[in-house]
Structure formats: structure tokens, C-alpha cells
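Working notes, structure below.
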Amino acid sequence: MKTLKLSLGVLFVSGALCVWADVAAQTIPVNGMQSGAGSICVLPNSPKPPTRISPGGMYNPDTLTVRVDKRELVPWPHKEPVLIEGLNLQDNHFAVLTSDGKRIQSFRFKFAEEDDAKLCIYFDGYQGVQLGNKKTALWCKAKTQACWR
């Protein structure tokens, strides 16, 4: 009987330790990615209207905006990049480009470990929206000095 009680006691303690270890493990960021906030550098595009058909259709550079999640609309820059900060690294995000009040393109994204919590977004009207990071997208690496110094 003592052996049964001792075995049950050991089983209970080890079970409790496993649950505690599982809870503690869940607080560690997924895939080693740091917890905190990420950002997107919105790279400037030309203030001139496109001369060819774009994947999103014709758009007006003067009214081009981007919205990430349910944040405020951000006018697309034409001279200096704009930084959108405070994006949760673990969440899925939704970006929408509008022009003249009409949606021209939208997409979902999530930060990956290799993004270093920093993404770039670019729209030139010909190739559609481009989203990349400084490590894998050369266009992002070359144009982001004003966003992250």
C-alpha cells in the first residue's frame, strides 16, 4: 500500500512538473523569433501616374494609400520612406492599397524569423505590391537606410 501511495505521489509531482514546463515553454517565442513589435518601411514611388496597365489596374499616385490591419490610412510616400511600427510579430496581418477610394490590391502577411522584424513594401504600378526583407530582397536592402539606421 505504501508503494502504491509513493508511486501515485511521484506520478502526481511529475505530472505537475510537466504541466508547469509546458506552460513555461509556451512563453518562449515561436521558432526562436523575438517577441515584440515589427515594422514595415513603405518605400516611395513615383508621383507620376503609370503609363502601362498595372496588376492592380490604373491608380492615382496622389490618392494612393496603404492600410495595415485596422490602422489609419497612410498616404503612399513619393520622396522619403514612411515607417509603420508596432506590428505584432506573432499575428497575421492584412494590408490594403487604395486609390481614389477604391481597393486596388490587398494581401496577408506574417513576420518570419528571417525578417528580423523589419519588412519593406514597394509598389510601382507595374509589378504589383512587393513585400520583402533586407536579407532576401536586394531592392529592400538598397532603399531602407532612411527607415532603420
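Source: prediction; values computed, not measured. Along the sequence shown, residues are numbered consecutively beginning with 1.
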Heavy-atom pair of closest approach, residues Arg103 and Ser106: NH1-OG, 3.6 Å
List, by chain and number, the other hydrophobic cluster members for Phe94, where Ile, Leu, Val, Met, Phe, Trp and Tyr join if side-chain heavy atoms come within less than 4.5 Å, directly or indirectly. Val96
Which donor-acceptor pairs under 3.5 Å do side chains of residues 77-86 form with protein atoms, sequence neighbours excluded?
| unit_1 | atom_1 | unit_2 | atom_2 | d |
| --- | --- | --- | --- | --- |
| His78 | ND1 | Asn45 | O | 3.1 |
| His78 | ND1 | Asn45 | OD1 | 3.0 |
| His78 | NE2 | Pro61 | O | 3.0 |

Keeping His93 on the side-chain end and Asn88 on the backbone end, is there a donor-acceptor pair under 3.5 Å? yes
Is a donor on one side and an acceptor on the other found under 3.5 Å between the side chain of Trp76 and the backbone of Val42? no
side-chain hydrogen bond (donor to acceptor under 3.5 Å, both in side chains) partners for Asp91, two or more places apart: none
Interatomic distance, SG@Cys120 vs NZ@Lys134, rounded to 0.5 Å, equals 7.5 Å
Contacts of Asn133 that satisfy side-chain hydrogen bond (donor to acceptor under 3.5 Å, both in side chains) - sequence neighbours left out: Asp115, Thr136
Just how far is it from atom NZ of Lys102 to atom CG of Leu97, taken to the nearest 0.5 Å? 15.5 Å
Hey, are Ser99 and Asn60 close enough side-chain-wise for a donor-acceptor pair under 3.5 Å? no
Checking Asp62 now: which residues fulfil side-chain hydrogen bond (donor to acceptor under 3.5 Å, both in side chains) with it, not counting sequence neighbours? none
Could I get the full list of side-chain contact (heavy atoms from CB on, under 4.5 Å) partners for Leu73, not counting sequence neighbours? Thr65, Arg67, Thr98
Let me confirm one number: the CG-SG distance from Leu131 to Cys140, rounded to the nearest 0.5 Å. 8.5 Å
Taking all non-hydrogen atoms of both residues into account, name the closest pair between Asp69 and Asn92 and its distance. OD1-O, 4.2 Å
